[in-house]
Amino acid sequence: MIELPTEAEPVKVIHGDCLDVLERIPTGAFDAVITDPPYSSGGFTRGDRQMGVAAKYQQSGQEKQWAPFSGDNRDTRSWAFWCCLWLSECRRVVKPGGYLLLFTDWRQLPTTTDALQA
């Protein structure tokens with residue numbers, strides 16, 4: 001079980017793989033889920049999407065180098081299936097009438113709406 005926010009500590013950041021974390025959260029535990037998942041975009045070809053995140057999303061000559069993260073190289077169908085998995089868990093952990101705020105990339109907007117509807 002995950003230690004959830006309390007009245008004394010109303011905000012808690014939970015770091016980990018979403019599917020591992022979500023399965024340990026009780027049903028209806030949250031008023032909202034706010035998420036910015038890996039977009040698996042950043043290119044027009046599969047080869048473009050498979051590059052590291054620094055190469056895809058940072059302009060050359062940029063001083064700040066962002067840390068790499070995994071899960072950003074799925075093809076469209078794999079990404080949609082993965083989204084359906086964690087979105088189903090999000091629906092379970094959010095109270096009835098709660099909110100889901102999901103950031104996405106313009107290239108993934110159609111697939112994101114499909115996953116949400118699924």
Side-chain angles (χ1 to χ4, degrees):
M1 192 60 60
I2 288 191
E3 189 178 323
L4 298 176
T6 63
E7 196 168 313
E9 188 181 5
V11 176
K12 182 173 277 293
V13 175
I14 302 169
H15 181 87
D17 181 278
C18 65
L19 292 172
D20 294 335
V21 170
L22 285 166
E23 73 180 11
R24 297 182 298 166
I25 295 175
T27 299
F30 297 122
D31 296 317
V33 170
I34 302 170
T35 182
D36 190 7
Y39 301 155
S40 287
S41 60
F44 291 105
T45 68
R46 182 175 175 85
D48 292 344
R49 287 189 297 276
Q50 300 239 336
M51 293 188 305
V53 294
K56 288 196 292 189
Y57 300 122
Q58 291 182 199
Q59 296 177 354
S60 62
Q62 196 171 6
E63 287 184 34
K64 173 73 173 161
Q65 294 297 309
W66 302 103
F69 54 89
S70 63
D72 193 60
N73 59 354
R74 293 177 174 93
D75 64 32
T76 303
R77 287 187 175 131
S78 299
W79 190 80
F81 179 76
W82 173 73
C83 285
C84 289
L85 292 173
W86 62 263
L87 284 167
S88 295
E89 282 296 297
C90 287
R91 183 171 188 230
R92 183 186 63 76
V93 302
V94 173
K95 296 174 185 171
Y99 295 92
L100 171 72
L101 288 78
L102 188 156
F103 295 90
T104 192
D105 178 89
W106 64 271
R107 290 167 281 222
Q108 289 293 40
L109 186 58
T111 307
T112 302
T113 57
D114 290 346
L116 283 165
Q117 290 180 46

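Each residue takes its place number in the sequence, starting with 1.
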What are the two closest heavy atoms between Ala80 and Thr111, and how far apart are they? CB-CG2, 3.5 Å
Report the distance from atom CG of Leu4 to atom NZ of Lys12, rounding to the nearest 0.5 Å. 8.5 Å
Does Arg24 reach the main-chain N or O of Glu3 with its side chain, forming a donor-acceptor pair under 3.5 Å? no
Taking every heavy atom of Asp31 against every heavy atom of Val94, the minimum-distance pair comes out as O-CG1, 3.8 Å
What distance separates Gln108 CD from Cys83 SG, expressed to the nearest 0.5 Å? 7.5 Å
So, do Leu109 and Asp105 sit near enough that their side-chain heavy atoms are less than 4.5 Å apart? no
Validation row: Trp79, Thr112 side chains within 4.5 angstrom (heavy atoms): yes
Is there a donor in the side chain of Asp75 and an acceptor in the side chain of Ser78, or the other way round, less than 3.5 Å apart? yes
Heavy-atom check, side chain of Ile34 versus side chain of Tyr99, under 4.5 Å: no
Taking C-beta and beyond as the side chain, do Leu102 and Asp36 meet within less than 4.5 Å on heavy atoms? no
Considering only heavy atoms from C-beta outward, does the side chain of Leu101 approach that of Thr35 to under 4.5 Å? no
Take Thr27 and Val93 through the side-chain contact (heavy atoms from CB on, under 4.5 Å) test and state the conclusion after the steps. CA-CA 4 Å; Thr27 299; Val93 302; over 6 Å; no
Going by heavy atoms in the side chains, are Leu22 and Cys90 under 4.5 Å from each other? yes
Are any of the side-chain heavy atoms of Asp114 and Cys84 separated by less than 4.5 Å? no
Other residues, nucleotides and ligands only: do more than 12 of their heavy atoms fall within 6.0 Å of CZ on Arg91? no
Check Lys95 against Ala29 and note the closest heavy-atom contact, atom names and distance. CE-O, 4.2 Å
